[in-house]
Amino acid sequence: MSKPVTDPFDDDRDYLAPEIDSPARLLDDVSSFISRFCAFPDEHCLVAVTLWAAHTHMSEHFHTTPRLAMLSPEPGSGKTRVLEVLDLTVRRSLFCLNASPAAIFRTLSKEPVTILADECDAIFSKRGKEDSNEELRAVFNAGYKRGAKIPRCVGPKHDVEYFDVFAPVALAGLGDLPDTIMSRAVIIRMRRRNRFEKVEPFRNREHGPEGETLRDELETWGKEVGEQVGASWPELPSGIEDRPAEIWEPLIAVADAAGGDWPELARNACLALSKVALDRKVSLGVRLLGDMRTVFGDAIALHTKTIIERLCNPEKYGLAADAPWAELHGKPITTRTLAGMLKKYGVESKKVKVEGVSLQGYRREPLHDAWERYLSPSPMETEPMELTEPGSMGSGGSA
């Protein structure tokens, strides 16, 4: 039987809150509702979006609230539709396009909301006087952890006021978002539906009541178990640690509380979508470290001119055909550019002796340390070993 409770978001009026007898079935219903209108690349994306919607109803009990990023290379890929459906199911939705940082500050200071931000590529592509992206980036980044506050000067006397910005955020846009946001997000790579992928037409006035009923049930469940779920320490899949662990811990905790198939579904989604996050475009410096690892082979040291020759002939030395080093800023990478890029990672050139010739070059040891810190493990990577015969890829011979 339903019981009357006070809805904090509805002018203090009473409504009948549904009793939740099966949380797993509730998540099944939410998942089915979302999948009727949204076509995802795979089932892991649907699992993640469902758990994210549920976690918004108990987010105040978590240490972190992961960002949900719906991204695609082209328009018409269903990103906005996902936000429209989430608008019906998440806790106290604030659906916005190009909202100002000040508006978001003041909204969050009044009540807990879930931010659904569409067309974020337009927001973060602004430059010059119109560039307010740093303000929004600060909101989205800082608001990822509970207790986060941003100081701002307000009023005629410029009094400092601290705004609480902890809130769930879902974003949609073309291309990629800033790295600082991407590293805090579950990334959903949306794509256009092919002719065999069918979804129902979505109409808010027709499907709104059904979505709002699910939202009310999620809210009731969140009130019942939120504190307990937030205090739990779910077991994470092997290899999920640091930032990915922070991202997925709330979602897996929700799945464990729901039971049924959801604990297994959540962990499978965690592993699959964590790989998607790792596959995003890396910086030019990390690309250089990766290509250096390839051209070094098992050599202990290489002359700089040998490294540059190998970098600029990618297919000959096992690099991807689109390696940028032969046409970096319109010309081949120079000794000076190479040194400057590697220095940021603690790698400096020095005199090295290879095949009896001493020239400026690089030794494996400092590079190996950078590879361990910034690159994923590679079966090709080995500990330093003796130089092989001259002329092979693994040798330290000059080109």
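In what follows, every heavy atom counts, from backbone to side chain, and hydrogens, waters and symmetry copies are set aside.
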[X] side chain to [Y] backbone, donor-acceptor under 3.5 Å:
X	Y	answer
H368	R364	no
R67	F140	yes
E197	N194	yes
W371	G290	no
T56	T114	no
R310	K305	no
T304	Q360	yes

Between [Y] and [X], is there a side-chain heavy-atom distance shorter than 4.5 Å?
X	Y	result
E348	L342	no
R152	E161	no
L71	I188	no

Query raised in the report: Which ILVMFWY residues are connected to L174, directly or by a chain of links, through side-chain heavy atoms under 4.5 Å apart?
Result: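 So far as hydrophobic clustering goes, L174 is joined with none.
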Query raised in the report: Under 4.5 Å between side-chain heavy atoms, hopping through other hydrophobics if needed: is there a path connecting M341 to V286?
Result: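 Shared cluster, yes.
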Can [X] and [Y] be counted as having a side-chain donor-acceptor contact under 3.5 angstrom?
X	Y	value
S35	S32	no
W262	D256	no
K353	S358	no

Requested in this report: Look at the aromatic rings of F62 and H55 and report parallel, tilted or perpendicular, splitting at 30° and 60°.
Outcome: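 It falls in the tilted class, 30° to 60°.
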Query raised in the report: Would R243 and R184 count as a side-chain contact (heavy atoms from CB on, under 4.5 Å) if you check the C-alpha gap in whole Å, the side-chain angles of each, and the deciding distance to 0.1 Å?
Result: CA-CA 7 Å; R243 184 58 63 78; R184 292 166 168 82; 3.3 Å; yes
Requested in this report: Walk me through it: do R91 and E219 pass the test side-chain contact (heavy atoms from CB on, under 4.5 Å)?
Outcome: CA-CA 7 Å; R91 179 190 187 186; E219 182 179 339; 5.9 Å; no
**Report entry** S93: partners by side chain to side chain donor-acceptor pair (under 3.5 Å), with sequence neighbours left out
**Finding:**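 Only D87 meet the side chain to side chain donor-acceptor pair (under 3.5 Å) criterion with S93.
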**Report entry** Separation of S31 OG from L214 CG (nearest 0.5 Å)
**Finding:**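 One finds 11.0 Å between CG of L214 and OG of S31.
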Requested in this report: Quick one: pull up CG in L171 and CE in M182 and give me the separation to the nearest 0.5 Å.
Outcome: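 Going from CG on L171 over to CE on M182, the span is 10.5 Å.
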Query raised in the report: Take atom CD in Q228; do more than 12 heavy atoms of anything else shown fall under 6.0 Å from it?
Result: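 Count not over threshold, so no.
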